[in-house]
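Take a look at the structure set out below.
For the numbers below, each heavy atom of this structure counts, side chains included, while hydrogens, waters and symmetry mates do not. Ligands are counted one by one from 1 in listed order, and the atoms in each one are counted from 1 as well. As the structure is a computational prediction, the values presented were derived from the model and not from experiment.
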Amino acid sequence: MSTTETNFDFKIKLVTIIGARPQIIKAAALSRAIKNKFETKIQDIIIHTGQHYDASMSEVFFDELNIPPPHYNLNTGSESHGKQTASMLAGIEDILIKENPDCIVVYGDTNSTLAAALAASKLQIPIIHIEAGLRSYNKSMPEEINRIVCDHTATLLFSPTISGYNNLIKEGFKINNAPTYNSDNPKIYHCGDVMYDNSLYFSDIAEQKTNVLKNNNLQKDEFVLATIHRNNNTDNPIRLNSLFNSLHKTALKNKIKILLPLHPRTSKLLKKNLSRELYDAIQLNTYMKTIPPVSFLEMIALEKNARLIVTDSGGVQKESYFFKKPCIILRMETEWVELVNCGAAMLVDADEKKFSEAFEHFSKEKKINFTNLFGDGKAAEFICEEILLHIKKKNNNN
Ligand code: UD1
Ligand code: UDP
């Protein structure tokens, strides 16, 4: 038996389940921590559900962020929520039975997270939920159901923010449970954000390694970066018209460039859901530019150099804050309430008047206090340490 094989006998066996763009990015932080500090103690098997599959939504992140290639890819693809979740659930279950891990690790709130949590809980495999406790208190949002189910089946729950941690307490999670932990006696943490770990780690590399500003003819502080992908914005023609009208008018009135790296969901729906008049006007608006999704390093370079960020993305809201940029949030509510409470972000929904007021406000407001809300850049290491402390190794692993 080789030394490596012998080592597996002592390693905790994790199965990490990811599928959507932000989860692949988040997984980079844990992969890095394992590689740098815990390689002799943790074995990580990666399952990619295939929820996101375009090279620009998946492969690019594995390559750029040095994430080991997935051991399994379920190639689930796009479907209605029920079919997509069911297909992932069946595929994940088969692999979990075969691999018999000591625990699974899941991130956030996508259908991949839900399928993984259901599969593991039915096999009584402990679930580690990273980005636990976040709530929009809006159950019409598919992600809200996914998060609640995942949190309430998890054994170790790592919340990036104090408000997330407090949400868990409001839902009955106890702060003083004693080991041994399981889904009836879970452990909750406020531990900082693995996305902050990534942003710190890749910040300088992003500017050294990318040409995205030059390629798009952008100068520091002279452009707005915008992303739109939430289903209630893209699928609702009234909201989508209102959002693009706001961007179109703001660009023309303020003579400011707006760059939109567009999620494929949004690109596919622009022509269908925008009025012909607005669609044509945007094509002629030389200040506005839509491009395909960019890589993570390109995105970081854009965020660091933008004057203002406009988004309905959860991750991009936070990265705006990490890079000390004001943010206009194209939603009614946010899970990242700290950003709004400290004045760094404003919620404008799909309301053109609120959008233009927020733009005016941030054009004048220069004194935002960006205190540290997201930890010390070592959340992933902390999570690995706690997994090693509290997850029991089975003695019958393959
Ligand atoms: C999903 C998550 C959302 C997350 C987002 C991150 C759920 C319910 N939603 O939303 O929480 O914020 O990922 O980006 O899990 N598509 C492609 N190529 C791809 C992937 C998607 O063309 O590689 C298109 C397809 O038309 C698909 C649509 O985008 O139907 C939506 O993809 P899906 O994964 O269902 O949801 P997202 O909107 O990406
Ligand atoms: N992102 C990226 N390229 C893009 C748009 C976003 O790399 O073109 C990154 C972004 O920096 C952040 C993550 O994707 O780390 C956010 O994912 P997304 O907006 O798809 O989903 P959400 O965070 O809303 O779930």
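In this view, N216 and K289 satisfy the side-chain hydrogen bond (donor to acceptor under 3.5 Å, both in side chains) rule, not counting sequence neighbours. Checked against side-chain hydrogen bond (donor to acceptor under 3.5 Å, both in side chains), T153 has no partners two or more places apart in sequence or in another chain. For the side-chain hydrogen bond (donor to acceptor under 3.5 Å, both in side chains) test, no residue two or more places apart in sequence or in another chain qualifies with T250.
On a distance-only criterion, P261 and ligand 2 share no N/O pair closer than 3.5 Å. Considering backbone and side-chain N/O atoms, R21 comes within less than 3.5 Å of an N/O atom of ligand 2. On a distance-only criterion, V294 and ligand 2 share at least one N/O pair closer than 3.5 Å. Close N/O approach between S313 and ligand 2 is found [any backbone or side-chain N/O within under 3.5 Å]. Residue G314 has at least one N or O atom closer than 3.5 Å to an N or O atom of ligand 2.
Taking the charged nitrogens against the carboxylate oxygens, D312 and R239 have no contact shorter than 4.0 Å, which rules out a salt bridge. For K378 and E385, the salt-bridge test fails: no basic side-chain N is under 4.0 Å from an acidic carboxylate O. A salt bridge does not link K122 with E93: none of the charged nitrogens is closer than 4.0 Å to a carboxylate oxygen.
Checking each of R135, K318, R147 against E335 for a salt bridge (Lys or Arg N to Asp or Glu O under 4.0 Å) leaves exactly one that passes, namely R147.
Looking from atom 23 (O) of ligand 2 to the surrounding protein, the closest heavy atom is G315 N, 2.8 Å. Looking at atom 17 (O) of ligand 2, its nearest protein heavy atom turns out to be P22 CB, 3.6 Å.
Here the two rings, on H248 and Y287, have centers that are 6.0 Å apart or farther.
By the criterion of a heavy-atom distance under 4.0 Å, neither the backbone nor the side chain of S56 is placed next to ligand 2. At a 4.0 Å heavy-atom cut-off, ligand 2 touches I25 through the side chain alone. By the criterion of a heavy-atom distance under 4.0 Å, the side chain of E319, and not its backbone, is placed next to ligand 2.
Between N146 and N111, the closest side-chain pair of non-hydrogen atoms falls below 4.5 Å. The side-chain heavy atoms of Y321 and T371, taken from C-beta on, include a pair separated by under 4.5 Å.
A distance limit of 4.0 angstrom between heavy atoms and ligand 1 selects the residues A20, P22, Q51, H52, Y53, D54, M57, S78, H81, Q84, D109, T110, N111, E143, H229, R230, H263, P264, R265, K268.
Listed for the N369 side chain is no donor-acceptor partner under 3.5 Å among the backbone atoms of C342.
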